[in-house]
Amino acid sequence: MIKKLLLPFLFILSLSANAQRIAIMGALDQEIAILLDSMKGKKEVERSGLTFYKGKLKGKKVVVIKSGVGKVNAAYSTAILLDRFKPSQLIFTGVAGGLHPEALPGDIVIGTALIQFDFGQIDSTGFQVSPFRKLTGGRHEELHISADPVLVAKAKKASEEVDFLPISGRQPKVFSGVIVTGDVFVSHQETAESLYQDHQALATEMEGAAVAHLCRSLGVPFLVTRSCSDNANQNARVNFNQFVGPAAINSAGLVLKLLEELE
């Protein structure tokens, strides 16, 4: 009789123990530092040359990883992460070059869609961006990869409750829209303006679309959220070095608040 009464309880415990983790990625140490400092019960797991950090954030089971910079590192890290941990959803946090004319260092961009702006073909008319290739061959029809709408909506809601770190005495603004990805650190005013005009992109970075491509291919809901460290212009490198720390804190702060909204 006691055994029968315990069975449902043990079943619930089993489900809890096997619950999928929420995956969080960042390319740089600065981008995941505040998350690791806030993690409860942190354990390190080494797999395929990568270090994964398991624990809890805001009461949620998570796995955090530094992907490394660039699309190749991001794709590799994402593939190992998704295969090893099979997370319920994935959030990428970090810094980016702001492209919106009103964006300044510290501002937040919640990515509604990702584009790989350096993937395409060159012909007599110049460079043309192409849609992503499917893993099995052929092209996807759409140029964008849309982020999970539920995660986008919850991130927008969470952003209203975050006490973002002011930069240069200014309270950060929150934008939502397209983020472009390329294996290029953009520090050229005309290029930045072109990315904004051609793709209506609000930020440029080096990992998000690669992560999005893997998540879409494997059916994992994802979100990319960035905080502007610079404006992708001639001052980008100086501004990046100056603001990468506080910008990374703002992006991670949004993630921590977002976790409170997730199941």
Side-chain angles (χ1 to χ4, degrees), residues 19-27 30-40 55-65 78 87-96 98-115 144-167 170-181 199-205 207-209 211-212 215-216 219-229 243 246-263:
Q20 288 178 292
R21 295 179 183 272
I22 298 169
I24 307 173
M25 302 180 72
Q30 299 98 314
E31 294 172 334
I32 63 170
I34 188 174
L35 302 174
L36 298 183
D37 289 344
S38 303
M39 187 179 289
K40 306 296 184 183
K56 285 191 174 184
L57 286 170
K58 299 296 183 177
K60 307 297 192 306
K61 291 177 63 177
V62 300
V63 54
V64 177
I65 178 179
T78 303
S88 59
Q89 49 211 311
L90 187 152
I91 303 167
F92 199 103
T93 178
V95 301
L99 299 175
H100 191 284
E102 297 179 9
L104 291 174
D107 287 353
I108 296 290
V109 177
I110 298 169
T112 59
L114 283 295
I115 297 176
H144 300 69
I145 301 179
S146 296
D148 181 70
V150 174
L151 286 174
V152 170
K154 289 186 176 182
K156 289 179 180 179
K157 179 181 178 182
S159 71
E160 299 173 357
E161 303 174 10
V162 180
D163 292 325
F164 291 116
L165 186 68
I167 293 182
R170 173 181 173 274
Q171 192 64 30
K173 294 182 179 180
V174 178
F175 300 87
S176 61
V178 175
I179 293 175
V180 290
T181 301
H199 304 295
Q200 293 76 54
L202 304 185
T204 176
E205 39 90 297
E207 298 84 26
V211 175
C215 286
R216 174 172 65 175
V220 178
F222 76 91
L223 175 72
V224 177
T225 176
R226 296 283 189 170
S227 180
C228 301
S229 57
F243 297 118
I249 289 173
N250 278 344
S251 184
L254 174 57
V255 172
L256 288 172
K257 181 60 69 173
L258 172 59
L259 287 173
E260 297 178 7
E261 302 285 337
L262 300 181
E263 298 297 332

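This one's a predicted model, so the numbers in the text were calculated from it and none came from an experiment.
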Practice item. Could you tell me which residues satisfy side chain to side chain donor-acceptor pair (under 3.5 Å) with Thr225, sequence neighbours excluded, listed by chain and number? Key: none
Practice item. Could you walk me through whether Val255 and Leu57 pass the side chain to side chain contact (heavy atoms under 4.5 Å, CB included) test, one step at a time? Key: CA-CA 10 Å; Val255 172; Leu57 286 170; over 6 Å; no
Revision key, fill the gap. In short, Phe92 meets Ala27 closest at the heavy-atom pair CZ-N, 3.7 Å
Point to revise | Distance, nearest 0.5 Å, that separates CG of Leu90 from CE of Met25 | key: 6.0 Å
**Study point:** Shortest non-hydrogen contact from Ala252 toward Glu31
**Key:** CB-O, 4.3 Å
Check your understanding: How many angstroms lie between CG in Leu223 and OG1 in Thr112, if you round to the nearest 0.5 Å?
Key -> 9.5 Å
Review point. Taking only residues two or more places apart in sequence or in another chain, which ones pass side-chain contact (heavy atoms from CB on, under 4.5 Å) with Ser227?
Key: Ile108, Ala247, Asn250, Ser251
**Study point:** Between CD on residue Glu260 and NZ on residue Lys60, distance to nearest 0.5 Å
**Key:** 7.0 Å
Practice item. Check side-chain contact (heavy atoms from CB on, under 4.5 Å) between Leu36 and all other residues, then give those that pass, not counting sequence neighbours. Key: Ile32, Met39, Lys42, Tyr53, Val64
Review point. So do Val180 and Leu99 actually touch side chain to side chain, heavy atoms under 4.5 Å?
Key: yes
Point to revise | Side-chain heavy atoms of Val211 within contact of Val224, under 4.5 Å | key: no
**Study point:** Any Leu35 side-chain heavy atom under 4.5 Å of Val62 side chain
**Key:** no
Check your understanding: Considering only heavy atoms from C-beta outward, does the side chain of Leu262 approach that of Ile91 to under 4.5 Å?
Key -> yes
Check your understanding: What's the spacing between His199 NE2 and Ile115 CD1 if we round to 0.5 Å?
Key -> 5.5 Å
**Study point:** Atom of Pro172, atom of Pro166 and distance for their closest heavy-atom approach
**Key:** CD-CA, 4.0 Å
Under 3.5 Å, side-chain donor or acceptor atoms of residues 147-160 against the rest of the protein: list the pairs with distances, not counting sequence neighbours.
| unit_1 | atom_1 | unit_2 | atom_2 | d |
| --- | --- | --- | --- | --- |
| Asp148 | OD2 | Val150 | N | 3.3 |
| Asp148 | OD2 | Leu151 | N | 3.0 |
| Lys154 | NZ | Glu261 | O | 3.2 |
| Ser159 | OG | Lys156 | O | 2.6 |

Point to revise | Considering all heavy atoms, the nearest Leu104-Cys228 contact | key: O-CB, 3.7 Å
Review point. Passes side chain to side chain contact (heavy atoms under 4.5 Å, CB included), Ile24 versus Leu259? Steps please.
Key: CA-CA 10 Å; Ile24 307 173; Leu259 287 173; 4.1 Å; yes
Study note, to complete from the structure: Correct closest heavy-atom pair for Ile179 and Gly111 would be CD1-CA, 3.6 Å
Exercise for review: Check side chain to side chain donor-acceptor pair (under 3.5 Å) between Glu205 and all other residues, then give those that pass, not counting sequence neighbours.
Suggested key: Thr181, Arg226
Point to revise | Evaluation steps, side chain to side chain contact (heavy atoms under 4.5 Å, CB included), between Phe164 and Asp107 | key: CA-CA 9 Å; Phe164 291 116; Asp107 287 353; over 6 Å; no
Revision key, fill the gap. Across all chains, not counting sequence neighbours, the ring pair (Phe, Tyr, Trp, His ring centres under 6.0 Å) partners of His100 are Phe175, Tyr196
Review point. Just how far is it from atom NZ of Lys40 to atom NZ of Lys58, taken to the nearest 0.5 Å?
Key: 9.5 Å
